[in-house]
Amino acid sequence: MVGGGPLAPLYDEECSVWVPAWEMKWGALVHALGDSPNYEATDAIVATAARRGKRLRGHTLIWHEHLPAGAERLSTRADWERFVAPHVGSVAGRYRDAIFEWDVVNEAIEPNDNGADLMRRSPFYAMLGPDYVSEAFRLAAQAAPAARLYLNDDHVYYAEDWQELRRTGVLRLLERLIAAGVPIHGFGMQCHLDTRRRFDERVFGRFVKQLEGFGLTLAITELDVTEAPDAGNRSVDERRRRAAEEVRKVLAVALDSPALAGVVTWGLSDADSWLRHRSPEMVTNQGLPFDDTYRPTPMRDMLASLFASTRTRHPT
Ligand code: XIL
């Protein structure tokens, strides 16, 4: 994300915050369980960000995807102490002065796993039960006492019932963490938006108010729009306008919240979007602020005008 090429000036001019989309994940740092972490790529990102005057978000300390080989079999407290606790401590500690906020736990909620607590059944859950979340935040706070610590999750914006269940899961988990005095500062909404879903500003607005009620900072952490499976015969221009409109609907509600501290898009140019690799029909997806040739799309203008008319102090 901070290499050369046509993206470099865009990252400089368009962003005040950078996020490594891949390099800080456990499986990117540690190839197989028991190997030492390789910090070459992350050290380089940290150095480049410092040189260019950018703040860095850390993503992510605990996630069930992209684990080191063998980690899917971890299942006991002893495994946690031996492998997970040192991972969290060493990454957060190494970058304690470089990373201003961390997604400590990513995607903890999964109602489809059928737990009464609506939490995802991951190796982390197998090791400590629901307490893995609070343990992870405590370890991160010890290692990086100045960092702002976030729970991060997705699919909590639309009116469909399955998203309502996910909102309930998030709220219950946050309530437990806060009641237990866990050092958590924020909730990150990934905002992988999707033009096929049904948005109701009252439903999302109520959720944002409930989050505000916890006294947490909110952030939009991975904004992009899936539109291709729904594209039909629309022209590319029309598809880009629809993607921008999707962003407007959701962000207008989020930016209205005094708790919202920032907006991060998941990449800048469609040419490099992870969405393009998700399925064959997505190879032409138009879901980011810059197109394949690094020219601004209507989403870029939409974001600029939303930021210009918002109370948020640090849109990124
Ligand atoms: C994606 C990255 O963009 C890809 O490069 C990688 O191969 C897989 O992960 N939610 C998240 C992100 O929290 O970490 C994911 O990022 C996208 C979905």
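Indexing begins at 1, ligand by ligand and atom by atom, following the structure's order. For the single chain, residues carry numbers from 1 onward in sequence order.
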| field | Minimum heavy-atom distance between Val19 and Trp266, given as atom pair plus value | value | CG1-CZ3, 4.0 Å
When you check ligand 1 against the protein, what N or O pairs turn up below 3.5 Å? List the atom names and distances, or just say none.
| unit_1 | atom_1 | unit_2 | atom_2 | d |
| --- | --- | --- | --- | --- |
| ligand 1 | 3 (O) | Trp266 | NE1 | 2.9 |
| ligand 1 | 9 (O) | Lys25 | NZ | 3.0 |
| ligand 1 | 10 (N) | Glu107 | OE2 | 3.4 |
| ligand 1 | 10 (N) | Gln190 | OE1 | 3.4 |
| ligand 1 | 10 (N) | Glu222 | OE1 | 3.0 |
| ligand 1 | 13 (O) | His59 | NE2 | 3.4 |
| ligand 1 | 13 (O) | Asn106 | ND2 | 2.8 |
| ligand 1 | 13 (O) | Gln190 | NE2 | 3.2 |
| ligand 1 | 13 (O) | Glu222 | OE1 | 3.2 |
| ligand 1 | 13 (O) | Glu222 | OE2 | 2.8 |
| ligand 1 | 14 (O) | Lys25 | NZ | 2.7 |
| ligand 1 | 14 (O) | His59 | NE2 | 2.7 |
| ligand 1 | 16 (O) | Lys25 | NZ | 3.3 |
| ligand 1 | 16 (O) | Trp266 | NE1 | 3.1 |

| Partners passing ring-ring contact (aromatic ring centres under 6.0 Å, His included) against His185 (at least two apart in sequence or in another chain) | none
| request: Could you tell me which residues satisfy ring-ring contact (aromatic ring centres under 6.0 Å, His included) with His64, sequence neighbours excluded, listed by chain and number? | output: none
| Restricting to pairs with a member in residues 277-297, which pass ring-ring contact (aromatic ring centres under 6.0 Å, His included), not counting sequence neighbours? | none
| message | When you measure from the side chain of Ser269 to the backbone of Asp292, do you find a donor-acceptor pair of N or O atoms at a distance under 3.5 Å? | response | no
| task | Please work out whether the ring planes of Phe124 and Trp26 are parallel, tilted or perpendicular, with thresholds of 30° and 60°. | result | tilted
